[in-house]
Amino acid sequence: MRRSDVTGPVVVLGDTLLDRDVEGVVNRLCPDSPVPVLDETTYADRPGGAGLAAVFAAAEGAEVALVTAIADDAGGARLGTLLAAAGVQLYALPLAGATPEKIRLRARGRVLLRHDRGGPAGSPGEPSEAVLRLLANASAVLVSDYGRGVARQPALRAALAATRAPVVWDPHPRGPAAVPGVHLATPNEPEARELAKVRPGASRLVTASRSAQALRRRWRAGAVAVTLGGDGALLCHAGSTPLVVSAPASADGDTCGAGDRFAAAAALALARGALVSEAVQEAVAEASAYVAGGGVADALPDPVRTASPAVVISDGERIGADAAGAVVARVRAAGGTVVATGGCFDLLHAGHVATLEAARQLGDCLVVCLNSDASVTGLKGPDRPVVPQGDRSRLLAALSCVDAVLIFDEATPHAALSWLRPDIWVKGGDYATGGGEETLPEAEILARWGGHTVVVPYLDGRSTTDVIAAARSGRGSAAWPGTGEPASAPRRAVANRPTAEGAR
């Protein structure tokens, strides 16, 4: 899908889960119970639910934004990493509780057991103004409902009802009714029967048709397409004979994610201006090719399949995704202000401390996003870092102004920020104040949830590069500027809007 084909982003809205496939071998039974023992060999994480639909759409070259609820835990951090790797713009709503996870235990390509965790669905928070503008300006919207509450959110439903973009609604039996006027609803056979409360008829097609027409009238939808697995789909319009769209070829394989692939393909087609019937034909072809090609394991783009856990889970009381998530959740629950900053912090020095202390004064907690060793090497070269990430994180966590340290493996903290959603992102540095429009690269991401970026002063001449150069040359303290100022005196104080003084 060429970007020039559409006038705005394709927006996917719904519940996102963390899916994990654990592959292993079974060679014995458990000694204390007659059940097989799976010896794990590999595992793979991926976004599930609305997140998977967004990944599929982005893989087609579309500009894709995902509106979903993300919890303050390690699962939410992992989702942020995977979505960023896929090129999906994440507009995260706060989520009470834990990130839902679905773990499939597999041997020789077959699922032995699915383990769900995360507990009951939590209530998603209110959308930001940026989210509401996003829905208003979309080229198409796909609602991927997995029954966990995002599609029920009143402000989101009002925005969906008001948008001029074509809306595709992929429903769930535990979810709400589609908003009136959606262009296309895409339940599968069991979902359509359960939602419409239609008893099986004389034939499969009759039952599907009755279900589709009942839902179309109840939801005041333009059309309903009931997916029929390997047999394609049945499309019902107002006052028309149902259209049966057959699959181009029957294929056996893993159907996990086929419904998401169908709905994403239909939304992309509508974004390009296709008729609903054309969109359904394209969606059937895409979903059939998806199953025939090996399913989700082969359909994921390489950046997602190969993404390492970019947020590094570390030990230590105040280090890692769980520690950072707990701090952020506690402060948010109390109505406080979450502040975050980031950097390499190699050879911690007085300039770093000044920046961290100034940042902490702007809110009720400070989370430091720390570049991992691999990230620092990629940015600074093979001789860096001088101090490994374990020591760097412990030094930072020992400072009274730092509440938690989050180690990330990417070149930028963008994925970590999308998960943390701080109210204020702080950078230390020298930014001109002559009325220019300098914008920090993180500003666009912060705007998704109404956050702000600010700049705080730095100490003149303090830099890790200078410290390393001084140590190697034997100059020692002579490398520091002889300004005669006390160590805490800043060169100058500059902040992006809002100003640092008024940010709290």
Side-chain angles (χ1 to χ4, degrees), residues 48-49 52-53 56-57 60 104 109-111 114 142-147 168-173 175 178 182-219 221-270 274-299:
L52 184 60
F56 288 152
E60 296 299 314
R104 300 195 302 171
R110 296 186 178 276
V111 177
R114 198 182 85 181
L142 166 59
V143 178
S144 182
D145 184 18
Y146 274 73
V168 176
W169 194 286
D170 193 9
H172 192 281
V182 302
H183 282 60
L184 177 66
T186 61
N188 61 30
E189 274 186 282
E191 290 169 343
R193 287 197 305 269
E194 184 173 350
L195 287 165
K197 302 295 188 283
V198 171
R199 294 181 179 180
S203 71
R204 184 185 186 190
L205 290 180
V206 169
T207 301
S209 179
R210 289 175 178 171
S211 301
Q213 292 290 11
L215 292 176
R216 187 189 59 77
R217 290 190 296 268
R218 183 187 308 168
W219 293 345
V224 175
V226 178
T227 57
L228 305 173
D231 293 325
L234 181 141
L235 174 64
C236 285
H237 289 278
S240 64
T241 302
L243 172 67
V244 176
V245 181
S246 299
S250 180
D252 293 328
D254 187 354
T255 60
C256 177
D260 299 304
R261 188 71 189 90
F262 180 95
L268 289 173
L270 292 175
L275 300 175
V276 170
S277 58
E278 295 171 335
V280 171
Q281 291 176 64
E282 187 171 328
V284 168
E286 292 286 345
S288 300
Y290 166 85
V291 175
V296 68
D298 294 307

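Annotation: side chain of L195 is not in contact with side chain of S211 (no heavy-atom distance under 4.5 Å).
With sequence neighbours left out, E189 forms a salt bridge (Lys or Arg N to Asp or Glu O under 4.0 Å) with R204. With sequence neighbours excluded, the residues that form a side chain to side chain contact (heavy atoms under 4.5 Å, CB included) with T227 are N188, F262. Partners of Q213 under the side chain to side chain donor-acceptor pair (under 3.5 Å) rule, at least two apart in sequence or in another chain, are R216. In this structure, S144 has no side chain to side chain donor-acceptor pair (under 3.5 Å) partners at least two apart in sequence or on a different chain. Looking at residues two or more places apart in sequence or on another chain, you find a salt bridge (Lys or Arg N to Asp or Glu O under 4.0 Å) between R104 and D21, D254. In this structure R114 satisfies the salt bridge (Lys or Arg N to Asp or Glu O under 4.0 Å) test together with D116, sequence neighbours excluded. Considering only residues two or more places apart in sequence or on other chains, L243 meets the side chain to side chain contact (heavy atoms under 4.5 Å, CB included) condition with L235, V245, S277. Applying the side chain to side chain contact (heavy atoms under 4.5 Å, CB included) test to A299 and every residue at least two apart in sequence or in another chain returns F56, Y290. For A214, the side chain to side chain contact (heavy atoms under 4.5 Å, CB included) partners at least two apart in sequence or on another chain are A196, R217.
Interatomic distance, NZ of K197 versus CG of L215, reported as 9.5 Å (0.5 Å rounding). In this structure, L184 CG and C236 SG are separated by 11.0 Å, a value rounded to the nearest 0.5 Å. Rounded to the nearest 0.5 angstrom, D260 CG and L142 CG are separated by 8.0 Å.
For the residue pair D298 and G294, the shortest heavy atom distance occurs at OD2-CA, 3.4 Å. Contact detail for A279 and A274: the closest heavy-atom pair is N-CB, 4.4 Å. The two atoms that bring V280 and A225 nearest to each other are CG2-CB, 4.1 Å, heavy atoms only. The nearest pair of heavy atoms linking P187 to V224 is CD-CG1, 3.8 Å. Nearest heavy-atom pair, A263 versus T186, reported as atom, atom and distance to 0.1 Å: CB-OG1, 4.0 Å. Scanning both residues, L234 and V244, for their nearest heavy atoms gives CD1-CG2, 4.1 Å.
Applying the salt bridge (charged side-chain N to carboxylate O under 4.0 Å, His left out) rule to pairs touching residues 237-248 yields nothing, sequence neighbours excluded. Within the structure, salt bridge (charged side-chain N to carboxylate O under 4.0 Å, His left out) pairs that include any residue of residues 280-295 comprise R261-E286, R272-E282 (at least two apart or interchain).
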